[in-house]
Amino acid sequence: MNRARRLPLDFEGRPFSTAEGSDAGLSKKRMRASDLARPFPATRTPRADSSSADLLIRAYAQRMSESDFFSHVTAARVHGLPLPFAVEHTQTIHVSTEEPTLRDRVLGVRGHHVAPKTITVVAVRGVRVTSAVDTWCQLSTMLGLDDLIRIGDTLVRRKHPFAEMRDLLAAVRRYSGRRGVKLLREALIWIRPGVDSPRETDLRLLIVRASLPEPEVNAIIMSRTGVKLATGDLVFRRYRVLLEYDGGQHRTDENQFHWDVDRLDALMEERWRVIRINKSHLHNPSEVIRRVTVALMAGGWRPVARAQKVPD
């Protein structure tokens, strides 16, 4: 493309409306050029990035009415909530409104109607979306139990939580009678505050569902002299076993690596058994369970024998 046909600098790399383009002096012919995609009527995006879900959200925001707001999976993406891979990369945009007659019927957009004053709408990075807790409730009709647990753990995570457990409880009560509430109630049983990542959630669920003791989540471990040794991912305090999930930063961040070495040495001096788990280990859950079971039993844990039925 020659220099005369370049987009204005503030248009490059972002969606814009045809009204904006006209105001900036772009001709209709220029806005039909091959380097621009038309994901929705009266909107344009760079064609190279036109399949990006985030860009599609920003593009649709150009045409939203004041009564519209992003919801369901789209709101989850805006909030940064963890979603299954296939769902996270869907290009369908979910938009809700309290005015059913104003529901947008556009290819690539799934419209929803919500009863007035039943949803909290917030602004995130300049776009209107359902609150993170309401989004979690909405997703109960689209996702499975473990997905809802991961999102729930994220809502009440240790750093910068979206909500507290009482907010989730109140939301589920408000959701009573709607489709998906049974799954939300079941998810509440498994959600724990203080988690740092969805992988920690997966690891905790694996442990507990194997009938092993439930660990403390991101619990502080002190030395015998009262010095803080670590904040452990999953802590079996009674048995002096610590289960650590090592994300990518533990391998790529040199400072983190050295800190881990020093911390683990201090824990072992205090006779803690430390088990380190990474993403690859989760592909062999039986081996993870075996390692944790051996460590717990070395610390004094014994499985509870199941009562045998006495024959008649």
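It should be emphasised that the depicted structure is a prediction, and the values quoted were computed from it without experimental measurement.
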With rounding to the nearest 0.5 angstrom, report the [atom1] to [atom2] distance, [X] to [Y].
X	Y	atom1	atom2	result
D167	L155	CG	CG	9.5 Å
L56	T74	CG	OG1	9.5 Å
I275	I277	CD1	CD1	6.5 Å
R157	I151	CZ	CD1	12.5 Å
H112	T97	NE2	OG1	12.0 Å
I57	H94	CD1	NE2	10.0 Å

Please name the pair of heavy atoms, one in [X] and one in [Y], separated by the smallest distance, quoted to 0.1 Å.
X	Y	result
G152	L168	O-CD2, 4.2 Å
L183	S140	CD2-O, 3.9 Å
M297	P303	CE-CD, 4.3 Å
T43	A59	CG2-O, 3.6 Å
E99	H113	N-CD2, 4.2 Å
R224	R240	NH2-NH2, 4.3 Å

Look at the side-chain heavy atoms of Ile, Leu, Val, Met, Phe, Trp and Tyr, link any pair under 4.5 Å apart, and say whether [X] and [Y] land in one connected group.
X	Y	result
V133	L139	yes
I189	Y175	yes
V294	F236	no
Y245	V156	no
V172	M142	yes

Do R237 and W272 form a cation-pi contact, if we require the NZ or CZ to be under 6.0 Å from the six-membered ring centre and within 45 degrees of the ring's axis? no

Give a yes or no answer on whether the side chain of [X] reaches the backbone of [Y] with a donor-acceptor pair at less than 3.5 Å.
X	Y	result
D134	S131	no
R44	M31	yes
S211	V208	no
T293	I289	yes
R178	V181	no
E88	R77	no
T90	V87	no

S71-S96 side chain donor-acceptor pair, cut-off 3.5 Å: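 Distance-only check passes for S71 and S96.
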
Check whether more than 12 heavy atoms from other residues, nucleotides or ligands sit under 6.0 Å from atom [atom1] of [X], and answer yes or no.
X	atom1	answer
R179	CZ	no
R166	CZ	no
I220	CD1	no
R238	CZ	no

Contact between [X] and [Y] at the side-chain level, heavy atoms closer than 4.5 Å - yes or no?
X	Y	answer
M165	L188	yes
W190	R209	yes
R30	L36	yes
F16	T45	no
S223	L229	yes
H72	T135	no
V241	W301	no
L205	I149	yes

Apply salt bridge (Lys or Arg N to Asp or Glu O under 4.0 Å) to the pair R263 and E244, showing each step before the final yes or no. CA-CA 12 Å; R263 182 182 61 155; E244 290 275 86; 2.4 Å; yes

So does [X] pair up with [Y], basic N to acidic O under 4.0 Å?
X	Y	value
E216	R192	no
R14	E20	yes
D153	R150	no
D68	R63	no
D233	R204	no

Next item on the list: Start with the C-alpha distance between I221 and T231, add both sets of side-chain angles, then the distance that settles side chain to side chain contact (heavy atoms under 4.5 Å, CB included), and finish with yes or no.
Entry: CA-CA 6 Å; I221 299 175; T231 299; over 6 Å; no

message = Taking transitive links into account, so neighbours of neighbours count too, which hydrophobic residues share a cluster with V121 at under 4.5 Å side-chain distance?
response =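 Reading the cluster by chain and number, V121 sits alongside F69, V114, I119.
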
Checklist line | Aromatic plane relationship, H79 with F162 - under 30° parallel, 30 to 60° tilted, over 60° perpendicular | finding: perpendicular

Test side chain to side chain contact (heavy atoms under 4.5 Å, CB included) applied to T92 and V73, step by step = CA-CA 9 Å; T92 300; V73 172; over 6 Å; no

Applied to residues 20-46, the ring pair (Phe, Tyr, Trp, His ring centres under 6.0 Å) test, sequence neighbours excluded, yields F40-Y60

Note to self: Between F70 and V124, is the side chain to side chain contact (heavy atoms under 4.5 Å, CB included) condition met? List the steps.
What the structure shows: CA-CA 10 Å; F70 292 118; V124 178; over 6 Å; no

Worksheet item: Testing L242, L243, N218, V217 for side chain to side chain contact (heavy atoms under 4.5 Å, CB included) with V235, which one passes?
Response: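 When side chain to side chain contact (heavy atoms under 4.5 Å, CB included) is applied between V235 and each of L242, L243, N218, V217, only L242 qualifies.
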
Could you give me the CA-CA distance, side-chain angles and deciding distance for N284 and S286, then say whether side chain to side chain contact (heavy atoms under 4.5 Å, CB included) is met? CA-CA 6 Å; N284 188 2; S286 60; 3.1 Å; yes

